[in-house]
Amino acid sequence: MQFTSLILSNVEVSPGYWRMRMTAPPECAASRPGQFVMVRVNGAIDPLLRRPFGIFDVGTYIPAQSGGQSQPYLEMLYRVVGKGTSMLSTLHGSDLLDVLGPLGRGFDQGSPDEEKLIVGGGVGLAPLYLLAKELATKSKVRLFAGGRTRDDILCITEFERLGVECYTATEDGSLGEQGLVTEALLRRLDHIQGRAAIYACGPHGMLNAVAGIAAERGISCQVSLEGYMACGVGACLGCVAPGHSHSPDTPDFRCVCTEGPVFESGELKWGE
Amino acid sequence: MQFTSLILSNVEVSPGYWRMRMTAPPECAASRPGQFVMVRVNGAIDPLLRRPFGIFDVGTYIPAQSGGQSQPYLEMLYRVVGKGTSMLSTLHGSDLLDVLGPLGRGFDQGSPDEEKLIVGGGVGLAPLYLLAKELATKSKVRLFAGGRTRDDILCITEFERLGVECYTATEDGSLGEQGLVTEALLRRLDHIQGRAAIYACGPHGMLNAVAGIAAERGISCQVSLEGYMACGVGACLGCVAPGHSHSPDTPDFRCVCTEGPVFESGELKWGE
Amino acid sequence: MKSAMKPDMSVNLAGMQLRNPVITASGTFGYGEEFAEYVDMESIGAFITKGLSLNARAGNPTPRIVETPGGMLNAIGLQNVGIDAFIAKKVPYFRTVNTPAIANFFGNTVDEYAEMARRLNEIPEVSALEINISCPNVKQGGIVFGTDPDCAASVVSACRAVTGKPLIVKLSPNVTDVVAMARACENAGADALSLINTLIGMAIDLNKRRPILANITGGFSGPAIKPVALRMVWQVAKAVKVPVIGIGGIMNAVDALEFMLAGASAVQIGTASFINPGAAQKIAEDMEAWLVANGIDDIKSMIGALES
Amino acid sequence: MKSAMKPDMSVNLAGMQLRNPVITASGTFGYGEEFAEYVDMESIGAFITKGLSLNARAGNPTPRIVETPGGMLNAIGLQNVGIDAFIAKKVPYFRTVNTPAIANFFGNTVDEYAEMARRLNEIPEVSALEINISCPNVKQGGIVFGTDPDCAASVVSACRAVTGKPLIVKLSPNVTDVVAMARACENAGADALSLINTLIGMAIDLNKRRPILANITGGFSGPAIKPVALRMVWQVAKAVKVPVIGIGGIMNAVDALEFMLAGASAVQIGTASFINPGAAQKIAEDMEAWLVANGIDDIKSMIGALES
Ligand SMILES: Cc1cc2nc3c(=O)[nH]c(=O)nc-3n(C[C@H](O)[C@H](O)[C@H](O)COP(=O)(O)OP(=O)(O)OC[C@H]3O[C@@H](n4cnc5c(N)ncnc54)[C@H](O)[C@@H]3O)c2cc1C
Ligand SMILES: Cc1cc2nc3c(=O)[nH]c(=O)nc-3n(C[C@H](O)[C@H](O)[C@H](O)COP(=O)(O)OP(=O)(O)OC[C@H]3O[C@@H](n4cnc5c(N)ncnc54)[C@H](O)[C@@H]3O)c2cc1C
Ligand SMILES: Cc1cc2nc3c(=O)[nH]c(=O)nc-3n(C[C@H](O)[C@H](O)[C@H](O)COP(=O)(O)O)c2cc1C
Ligand SMILES: Cc1cc2nc3c(=O)[nH]c(=O)nc-3n(C[C@H](O)[C@H](O)[C@H](O)COP(=O)(O)O)c2cc1C
Ligand code: FES
Ligand code: FES
């Protein structure tokens, strides 16, 4: 779906991280956690390509004034890293955005009797909030949030409000325990008696480690990947990632925008 | 001079015509009427080139609040015609602009005992207000303002406040007399006893007609030209206009941005 | 001004009657079906498949794409399903839309090109063939077919010999003399010429001190290349008798109409479909609206109508 | 990180010692003096004059310039004051600045090129010559010198014979094989190669149904062309022994450093000076700041340091 969205708010929630709420057509309420949108930052040719962002949240807003006509909205949580995201951060309420989405394959809920272990690195948390919202209605959910410094640990309050138990770790020790969040994940896994399932999004190194842990322990694991995207609809073949049987001689590429961005970690080829 | 300017206001003064006031360094107070600035619409590469605009007015602004520190400003009057000017019209107070100027050669005052006849077509009025301000302190000044419709007749009140007598003409007769403003000019010229001098800015056809009238009657005439400008500083040689002795075999090109934009009409080559 | 009238948007391209001159470019529109949600397939003149080869190709490692000022580079590496899977999985969709499908293809030898043309010729759902000659000739030290008139002519002749379908040859812009290439292809039997394919470009990551694309160089497309494309279309259209299809940086109806003034009988929409998946339909609609607003009753009157 | 230290920004270009690798490109910096208000001339490595010819040239009719997506076209028509007025009116300024002046020049025949080289060779204030070979050879049916290796080599040899000053040859990008052109010029005696000159482009005014430029086509420059320029610099720098000067769409220090990684020993700033007359100085300063921030003590270590 392609639609024009009115920005409702755009606020910096942590240094360099912004949360944007914008109007959306009613169909967006059915977005699967892990799906994404492609946003055209402005109508000029600089930047030229749309930018992909996970769907952080969807909801319905009832304006206090103005007759109370309800308005579906969509939220993104984004980090300013380059030209496109810094332009996004200068937009204001009532500016318009051209949006394509929801796109891609989101997370699979799995079965309710598993303990849900959500692992997010930095802005990788973005698509995990909507996931936690869904999972927390049926299962015990724990969040493992990692980052370089405390500025990279986002929206923990929101997760806690869902009843999610949160573990945080930062590389510099400025928030939570010092080190990688996978250590807390491992400790938790050692204690789990029943079944568990991992859902992860974050830097490739973190996903690699999480996929390794899941494989070793035979736990189901879904990861949300990034890829350099031009189209978001499976046409440019720019965004591909190597599938598990990939090798230079027997190439096996998966299309991140249509077959993903969420994959079973076992579907993919991981490094060491 | 290159400087960063803070937009103080940007308002539509007539459908499609905007007046922007922006801060300027003190040196700009000495801008000659007819000089121009080159404005970079934004920091992206679309649009790539700066856009040239005449200096409509300069002054000093004393904020009512905030300690009353005085602030020199510069004004432009511009018409939305394409990409750059439509982006300009979306800017707000407190946005920043990158400005180069004042550039070029402005109008020559001439001698005070001449009757000053200022002829402007549409947004061609832009550089003539500062001129009228200067001339009106010493001489009798008359303004002949023409346009297609009444929307193209700009800022007459401002000129009248200077004590300038204003004649207006529109092609569709929606304001002032119907027809070309050169007719009113011709009638005035028939009545003038003493010396007169013409100062004109507007579409090329109008300047051509005015230059013809001036030549025929032996009246001094300065015109302000436009040219497609890339640099504004005499380096690209894009903006040139044919000088009076120009022919394909003996080319004679004048650099509009440095030798102009104001020329004695006799310096230039005119069509028929 | 006859502003109430509906203008004739149809063009004839090498024997194909297209409802309008807007075609989606190879590699930017999948196999058609990917865009069904965004484009009414019967609102455009034709669509062109991703470049096809005898065997499936997996393409290059990533990164495969990078944005550049006003454009993008791609080094997809001609990833495609191969002719057999194409017939089995992609062609059935073509039957469901009443719009000509054009198959873009390539090979690494003259024989491979001819074999592909022969195979594609047998598919009734394929209305025309577009030869991508911007590929290296593995038998001749890797010289790119599309940069040498003799090489290109031999590919075109070999394909011509095995197909009666309209044969479009897609020219590379990475040449000194695009007119010489165009004439060679015309003489070898091309029914139409499409241009331009991508320029060759490169982007570097300063901090990593590495090329951004895994393939080092890539094909340069998008609005940035439009001035080069327009110039080449104008040069070629003056020099050949067969129709020319204009490609390169077309983002809107004004761009498309400019290519037609320069001599193009039709246009292809490439990178624009990434930015706006509905671009091709919108461009066709806006072109018609422009004709209406300007009282022009036949789009064909725009072809080559540049005054200069 | 040795961030307190001032890095060595100097480069040696064909025997000239430049204080830094930033040079202003021909046709975009007048004769130097035009920019004195905006650029401290002693903050840049060298400056290059507008292209010079034996006789003054008035250039093309207007419009001569048009903006395109991310770039611009120019068809100035090589307007210049001619060699005599150059010596009388422009050279005196060169004495006042302690920065090498490089004279860019062209001709319509091999003899004219050689005569220009001879005349320029006699001017002590001119530190080096840059040959613009993107001009038509009037004696050979208008074929552009810079698109034929033999033509180019004959120009370079003829100039080489009459000057001992550093001889830079500026390559045209409008060729199939820029490496072949580079090698031909190197073998003919070039001390350095600069690239790229402008691509050839065209723009059309739909409503007027006319080309926008009076000259119909024009030279395409600016950020849009950077990917093509970077690719060609990388190709040529790998293939030749003489130093290469990178040109094309350089807007900032990051762009400039990317060209150096690709193999350029120095860079030229063209269109950027129109958008920001102080661009060259700012780029030189920012390059130095980047080296400091990255603990690099010698800019020369960046030349060709691309890992691939
Ligand atoms: C499916 C998906 C979901 C994403 N969700 C989020 C999110 O919720 N929040 C968030 O902050 N970021 C997210 N990202 C990353 C985000 O898209 C990039 O940070 C952003 O595109 C950078 O744009 P820029 O112009 O600021 O950076 P620049 O570096 O200036 O961008 C230049 C080019 O890089 C591309 N690019 C750069 N990084 C990436 C990347 N990681 N993935 C894809 N393209 C990239 C841009 O599309 C652009 O073409 C997601 C990426 C993908 C693929
Ligand atoms: C010395 C001078 C003074 C001017 N003063 C004023 C003024 O005070 N108020 C005003 O409204 N306009 C003025 N103009 C015209 C103004 O510069 C153009 O209308 C404006 O550049 C159009 O930009 P755009 O992006 O909106 O239009 P587009 O058509 O999108 O511009 C595309 C390109 O055309 C160029 N361009 C288009 N028209 C002109 C033109 N007439 N002159 C130079 N370049 C042009 C732009 O620089 C740009 O590169 C002046 C022009 C000159 C040369
Ligand atoms: C991602 C991508 C893939 C492409 N794949 C092909 C291809 O397989 N065959 C082909 O002939 N052209 C291919 N092209 C070239 C386009 O069809 C078109 O010629 C080019 O992009 C220029 O047009 P544009 O500027 O409108 O994109 C591809 C272009 C892009 C951007
Ligand atoms: C207006 C203009 C005039 C130019 N004149 C010349 C010239 O006289 N001689 C020459 O060798 N190159 C000339 N060039 C080419 C530039 O020197 C440079 O090679 C080209 O613009 C690419 O660099 P850029 O993208 O940084 O502008 C000119 C370029 C422009 C834009
Ligand atoms: S982004 Fe184009 S195929 Fe995935
Ligand atoms: S605008 Fe560049 S010389 Fe006048």
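The sequence lines fix the lettering, A, B, ..., with proteins before strands; numbering per chain opens at 1.
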Quick one: what part of [X] sits under 4.5 Å from any heavy atom of chain D, side chain, backbone, both or neither?
| X | value |
| --- | --- |
| Leu199(C) | side chain |
| Leu306(C) | both |
| Ala214(C) | neither |
| Ile216(C) | side chain |
| Ala305(C) | both |

key: Contact leader toward chain C among Val144(D), Ile225(D), Val178(D), Val228(D), where contacts are heavy-atom pairs under 4.5 Å   = Val228(D)
message = When you compare the side chain of Leu206(C) with that of Met302(D), does any pair of heavy atoms fall below 4.5 Å?
response = yes
ask   = Given that the side chain runs from C-beta out, which part of Leu230(D) has a heavy atom under 4.5 Å from chain C: side chain, backbone, both or neither?
value = both
Compile the donor-acceptor pairs, distance criterion under 3.5 Å only, formed between chain D and chain C.
{"from": "Thr176(D)", "atom 1": "N", "to": "Thr176(C)", "atom 2": "OG1", "distance (Å)": "2.8"}
{"from": "Thr176(D)", "atom 1": "OG1", "to": "Thr176(C)", "atom 2": "N", "distance (Å)": "2.8"}
{"from": "Thr176(D)", "atom 1": "OG1", "to": "Thr176(C)", "atom 2": "OG1", "distance (Å)": "3.2"}
{"from": "Ile200(D)", "atom 1": "O", "to": "Arg231(C)", "atom 2": "NE", "distance (Å)": "3.0"}
{"from": "Ile200(D)", "atom 1": "O", "to": "Arg231(C)", "atom 2": "NH2", "distance (Å)": "3.2"}
{"from": "Met202(D)", "atom 1": "N", "to": "Pro227(C)", "atom 2": "O", "distance (Å)": "3.0"}
{"from": "Arg209(D)", "atom 1": "O", "to": "Glu307(C)", "atom 2": "N", "distance (Å)": "2.8"}
{"from": "Pro227(D)", "atom 1": "O", "to": "Met202(C)", "atom 2": "N", "distance (Å)": "2.9"}
{"from": "Arg231(D)", "atom 1": "NE", "to": "Ile200(C)", "atom 2": "O", "distance (Å)": "2.9"}
{"from": "Arg231(D)", "atom 1": "NH2", "to": "Ile200(C)", "atom 2": "O", "distance (Å)": "3.2"}
{"from": "Glu307(D)", "atom 1": "N", "to": "Arg209(C)", "atom 2": "O", "distance (Å)": "2.7"}

remark   = Highest number of heavy-atom pairs under 4.5 Å with chain D among Ala224(C), Gly71(C), Ala203(C), Gly70(C) belongs to Ala224(C)
